[in-house]
Amino acid sequence: QVQLVESGGGLVQAGGSLRLSCVASGRTFSNCHMGWFRQAPGKEREFVTTINWSGTFTYYADSVKGRFTISRDNAKNAVYLQMNSLKPEDTAVYYCAAVNRDRATLGLATERTYEYWGQGTQVTVSS
């Protein structure tokens with residue numbers, strides 16, 4: 001019901017910035033909590049940040065707090081991830097995820113909560 005398309009990934013030097021976007025198709029986007037997850041080579045997928053359906057609540061993993069900012073524009077069916085002060089440890093495939101607010105049984109920092117996922121976009125931070 002919700003399809004997600006991510007963009008904005010690429011190669012950046014340590015200390016640089018990138019802005020990821022996730023555009024959703026489907027008319028229920030405004031009812032969805034949104035999250036960003038990432039997966040580095042050889043590692044499990046991990047939570048990065050989330051924003052609730054109304055944009056009134058955000059939460060960040062400690063590893064990105066103060067450097068990353070999540071935002072959304074429901075009029076554009078989009079969620080964004082502004083990444084500043086990037087580190088090599090941020091290198092990963094970044095995934096956008098969505099879950100209808102009525103189906104969010106688990107916490108928003110838990111990947112099992114989300115039912116829709118984007119294809120992922122590669123972020124590579126060189127040192």
Side-chain angles (χ1 to χ4, degrees):
Q1 190 169 349
V2 177
Q3 295 176 330
L4 308 173
V5 179
E6 297 149 303
S7 63
L11 176 64
V12 65
Q13 291 185 328
S17 299
L18 283 174
R19 188 195 191 210
L20 306 183
S21 64
C22 174
V23 179
S25 62
R27 55 185 175 85
T28 62
F29 174 80
S30 61
N31 294 323
C32 288
H33 305 307
M34 304 297 298
W36 286 97
F37 291 78
R38 66 187 183 185
Q39 186 169 25
K43 300 185 67 176
E44 297 292 321
R45 187 160 57 191
E46 66 175 351
F47 168 77
V48 177
T49 182
T50 185
I51 186 168
N52 75 329
W53 70 277
S54 63
T56 58
F57 169 84
T58 59
Y59 181 68
Y60 298 88
D62 288 341
S63 59
V64 306
K65 193 173 299 180
R67 300 187 299 119
F68 290 11
T69 303
I70 189 172
S71 62
R72 69 187 297 160
D73 187 340
N74 286 355
K76 297 181 178 179
N77 273 21
V79 63
Y80 308 98
L81 181 63
Q82 179 66 46
M83 305 184 294
N84 299 325
S85 301
L86 283 163
K87 305 175 181 179
E89 308 92 89
D90 297 318
T91 295
V93 176
Y94 283 71
Y95 297 92
C96 178
V99 61
N100 189 282
R101 58 174 174 164
D102 296 324
R103 299 179 181 178
T105 303
L106 303 177
L108 296 182
T110 302
E111 65 179 90
R112 289 175 56 203
T113 294
Y114 298 88
E115 58 185 343
Y116 304 108
W117 293 83
Q119 81 287 351
T121 184
Q122 177 71 50
V123 172
T124 302
V125 184
S126 62
S127 60

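Computed from a predicted structure; not experimentally measured. This chain uses plain numbering: 1 for the first residue, then up along the sequence.
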What pairs with S7 under side-chain contact (heavy atoms from CB on, under 4.5 Å), at least two apart in sequence or on another chain?
S21
Does S71 have any side-chain hydrogen bond (donor to acceptor under 3.5 Å, both in side chains) partners at least two apart in sequence or in another chain, and if so, which?
none
Closest heavy-atom contact between V2 and A24?
CG1-CB, 4.1 Å
Applying salt bridge (Lys or Arg N to Asp or Glu O under 4.0 Å), which residue pairs with at least one partner in residues 55-66 are found, sequence neighbours left out?
D62-K65
Looking at every non-hydrogen atom in both residues, tell me the closest pair between A40 and T91 and how far apart they are.
CB-O, 3.6 Å
Contacts table for residues 48-59: side-chain donor-acceptor under 3.5 angstrom, sequence neighbours left out:
| from | atom 1 | to | atom 2 | distance (Å) |
| --- | --- | --- | --- | --- |
| T49 | OG1 | Y59 | O | 2.8 |
| T50 | OG1 | M34 | O | 2.7 |
| T50 | OG1 | Y114 | OH | 2.9 |
| N52 | OD1 | G55 | N | 3.0 |
| N52 | OD1 | T56 | N | 2.8 |
| N52 | OD1 | F57 | N | 2.9 |
| N52 | ND2 | S54 | OG | 3.2 |
| N52 | ND2 | T56 | OG1 | 3.1 |
| S54 | OG | T56 | OG1 | 2.8 |

Return yes when atom CD of E46 has more than 12 non-hydrogen atoms of other residues, nucleotides or ligands closer than 6.0 Å, and no otherwise.
yes
Which residues share a salt bridge (Lys or Arg N to Asp or Glu O under 4.0 Å) with E6, sequence neighbours left out:
none
What pairs with S85 under side-chain contact (heavy atoms from CB on, under 4.5 Å), at least two apart in sequence or on another chain?
R67
Starting at CG of L18, measure out to CD of Q82 and round the result to the nearest 0.5 Å.
8.5 Å
Could you tell me if the side chain of W36 sits less than 4.5 Å from the side chain of M83, heavy atoms only?
no
Gap separating the CG atom of L4 from the CD atom of Q119, nearest 0.5 angstrom
8.5 Å
Kindly assign one of parallel, tilted or perpendicular to the pair F37 and F47, based on the angle between their ring planes and the thresholds 30° and 60°.
perpendicular
What pairs of residues pass the disulfide bond (SG atoms under 2.5 Å apart) test when at least one of them lies in residues 28-82, not counting sequence neighbours?
none
Under 3.5 Å donor-acceptor pairs involving side-chain atoms of residues 93-110, not counting sequence neighbours:
| from | atom 1 | to | atom 2 | distance (Å) |
| --- | --- | --- | --- | --- |
| Y94 | OH | R38 | NH1 | 2.9 |
| Y94 | OH | D90 | O | 2.7 |
| N100 | OD1 | D102 | N | 2.9 |
| R103 | NH1 | E115 | OE1 | 3.2 |

Find out if a path of hydrophobic residues (ILVMFWY) with successive side-chain heavy-atom gaps under 4.5 Å connects Y80 to F68.
no
Shared hydrophobic cluster for W117 and V79 (ILVMFWY, side-chain gaps under 4.5 Å)
no
If you round to the nearest 0.5 Å, how far is CG of L81 from CZ of R72?
14.0 Å
Which pairs with one or both residues in residues 13-23 pass salt bridge (Lys or Arg N to Asp or Glu O under 4.0 Å), sequence neighbours excluded?
none
Can you name the residues that form a side-chain contact (heavy atoms from CB on, under 4.5 Å) with S25, not counting sequence neighbours?
Q3
Other members of the hydrophobic cluster containing V23, with the 4.5 Å side-chain heavy-atom rule, please.
none
With sequence neighbours excluded, give me every disulfide bond (SG atoms under 2.5 Å apart) pair touching residues 47-87.
none
